[in-house]
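Indexing begins at 1, ligand by ligand and atom by atom, following the structure's order. What you see is a predicted model; the values in this text were computed from it and never measured.
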Amino acid sequence: MSKQKITVAYGDGIGPEIMQATLDILIEAGAQIETEVIEIGEKVYKKGVSSGIESSSWDSLRKNKVFLKAPITTPQGGGFKSLNVTTRKTLGLFANVRPCRSYFPFVPTHHPLTDLVVIRENEEDLYAGIEHQQTQEVVQCLKLVTSTGSEKIIRYAFEYAKAYGRRKVTCMTKDNIMKHADGMFHKIFDRVAREYPDITAEHMIIDIGSAIIANRPHLLDVIVTLNLYGDIISDIAAEVTGSVGLGGSANIGNTVAMFEAIHGSAPDIAGKDIANPSGLLNAAVMMLVHIGQNQVAENINNAWLRTLEDGIHTADIYNQDSKRKVGTQEFAKEVILRLGKMPVSLKPVSFKSEGGALPTIVVKPQPKTKKELVGVDVFIDWSENDKNPTALGDKLKTLSGDGLSLKMITNRGVMVYPEGMPETYCSDHWRCRFVSESGAPVSHTNVISLLERVMNAGFDFIKTEHLYTFDGERGYSLGQGE
Ligand code: NAD
């Protein structure tokens, strides 16, 4: 087998120590890899590169397509961009995969049967980073969800389940509240699930889903979800296994993939040879399966399980039942000594049926829909008349005309005009909905002349959102009470 070139970054803090230990195990186990080292993180940030990664390093990543990354230290203070977010977005690493498994009784947990995988959309949602302060009181953060991004991650989750012999995929959203954004994710999940009849598909609202992860995680297998929910539940899931320090994760794109431990650079214990290299080792095992070196991955994983079982533990997991406390490099040596051995009480892993990277996820374009403009939400910054909605509504009503008329005003989503409750708190941020009088489509010219009338009446309009239908279906939410 020819050697696979991989890009390696030793990172900051404990990074160099755990990377050395990991690579020693990989090489001793016969991994056919050749490393190309790049520098990322603190030193690069300090050179004034705000992304923490130099342009020559991108060339290495794009050429080798496989990246084993040790944790880095993000300098305190503004002006530094998150290297992880930059890497994910630049290289299109759309899927974050985090297996969470219990190693009970060797690692204490209340949930010894946990064996689940969180597959999280990695590029969209509230992480688009589009935020604006619009009034004295109100800041907004846009949640962007695309149909293509959603379908890609959902297909990936089913392909993953198929390749790894998993039986169930659970989709978690909050579509009882976000009926359009999360609703689209859920609908696409239902459509894609029909193509995988051998895999059970179910949906849970994210709040009850999180509660089940925390209390009955053995009920779950593969979970697919949007970016923010995934970020949160993948930490809950790692925590309930008792093994945050042992977890690895993969960030997968259609061409490049990055593998790393889930913990950070632990500057408090750096340079002491006491860090646990298991998180990075588990990430490296995922990497070996990704590049098709399944047998080596399996040997390493089983030798590592055996080391845990034999009570050879680093300080972070050392307990009264441990046999020997070892440092980073000694732990690696103990794993190497056990290569070829199987765990006795923990379930051994078998990667035989798993063959390399999953197929490229292709999302076919959906048929074009007919998009029609039927109104506009004009957002206004207003705090006169003790913020009395009737005063605002009565003034705006006189600006109706030219095909568009004021239908309602909401404040923080709740209708306050023409009807509302005096108890509703009103901020200075008003959503004023003007809709087509006849029900027929309106034009951009109608919207522009409405805005002109709003401006001439002395109102500060801060943004507009067009109201569209798609093939006649409403593409916007109703106000509470509308
Ligand atoms: P951390 O994960 O580095 O450390 C949290 C605690 O866990 C510390 O007490 C640490 O000693 C311990 N710990 C972590 N990994 C360990 C290991 N392998 N073995 C034994 N103990 C371990 O989180 P933090 O302290 O919040 O962050 C430190 C730095 O890491 C920050 O600069 C942060 O930005 C960065 N960070 C980087 C990544 C990454 O590169 N992917 C991820 C998270 C945090």
inquiry  = A quick test of your reading: do over 12 heavy atoms of other residues, nucleotides or ligands sit less than 6.0 Å from NZ of K63?
reply    = yes
query = Would atom 40 (O) of ligand 1 count as contacted, meaning some protein heavy atom under 4.0 Å?
reply = yes
request  = Considering heavy atoms of the protein only, find what lies nearest to atom 8 (C) of ligand 1 and give residue, atom and distance to 0.1 Å.
outcome  = D268 OD2, 3.5 Å
task = Measure the distance from atom 2 (O) of ligand 1 to every protein heavy atom, then report the residue, atom name and distance (to 0.1 Å) of the closest one.
result = G264 N, 2.7 Å
inquiry  = Using a plain distance cutoff, I'd like to know if T74 has any nitrogen or oxygen under 3.5 Å from a nitrogen or oxygen of ligand 1.
reply    = yes
ask   = Is E151 paired with R155 through a side-chain N to carboxylate O contact shorter than 4.0 Å?
value = yes
query = Heavy atoms of the protein only: does one fall short of 4.0 Å from atom 25 (O) of ligand 1?
reply = no
ask   = Do R431 and Y476 meet the cation-pi criteria used here (NZ or CZ under 6.0 Å from the six-membered ring centre, within 45° of the axis)?
value = no
inquiry  = Need the ligand 1 atom indices (1-based, order shown) with element for anything under 4.0 Å from a heavy-atom of E260.
reply    = 41 (N)
inquiry  = Given I269, D316, T328, N276, identify the one with the heavy atom nearest to atom 22 (C) of ligand 1.
reply    = I269
task = Identify the protein heavy atom lying closest to atom 37 (C) of ligand 1, giving its residue, its atom name and the separation to 0.1 Å.
result = I72 O, 3.1 Å
request  = Note the single closest protein heavy atom to atom 12 (C) of ligand 1, along with its residue, its atom name and the distance in Å.
outcome  = A266 CB, 4.3 Å
key: salt_bridge(R194, D190) N-O dist < 4.0 Å   = no
remark   = Taking only non-hydrogen atoms of N84 and a 4.0 Å limit, the atoms of ligand 1 in range are 41 (N)
Min side-chain heavy-atom separation I33-I291 under 4.5 Å = yes
message = Return the closest protein heavy atom for atom 29 (C) of ligand 1 as residue, atom name and distance.
response = S265 OG, 3.2 Å
request  = Examine A275 against ligand 1 and note whether any of their N/O atoms are separated by less than 3.5 Å.
outcome  = no
key: Pair S102-H111, side-chain donor/acceptor within less than 3.5 Å   = no
request  = Identify, for atom 28 (C) of ligand 1, the protein heavy atom at the shortest distance, and state residue, atom and that distance.
outcome  = P267 CD, 3.6 Å
query = Does H429 have its ring centroid less than 6.0 Å away from the ring centroid of F379?
reply = yes
task = Kindly indicate whether the side chain of T7, heavy atoms from C-beta on, has any atom under 4.5 Å from the side chain of R62.
result = no
task = Specify whether the nearest protein heavy atom to atom 43 (C) of ligand 1 is under 4.0 angstrom away.
result = yes
remark   = If you scan protein heavy atoms around atom 16 (C) of ligand 1, the nearest is I14 CD1, 4.0 Å
inquiry  = Can a side-chain donor-acceptor contact be found between N84 and S82 if the only test is distance below 3.5 angstrom?
reply    = no
ask   = Short list, please: which atoms of ligand 1 are under 4.0 Å from a heavy atom of K69?
value = 39 (C), 40 (O), 41 (N)
request  = Could you tell me whether E260 and K69 have a side-chain N and a carboxylate O separated by less than 4.0 Å?
outcome  = yes
query = Just to confirm, does any protein heavy atom lie below 4.0 Å from atom 5 (C) of ligand 1?
reply = no
query = Atom CD1 of I223 and atom CZ of R98: how far apart are they, to the nearest 0.5 Å?
reply = 12.0 Å
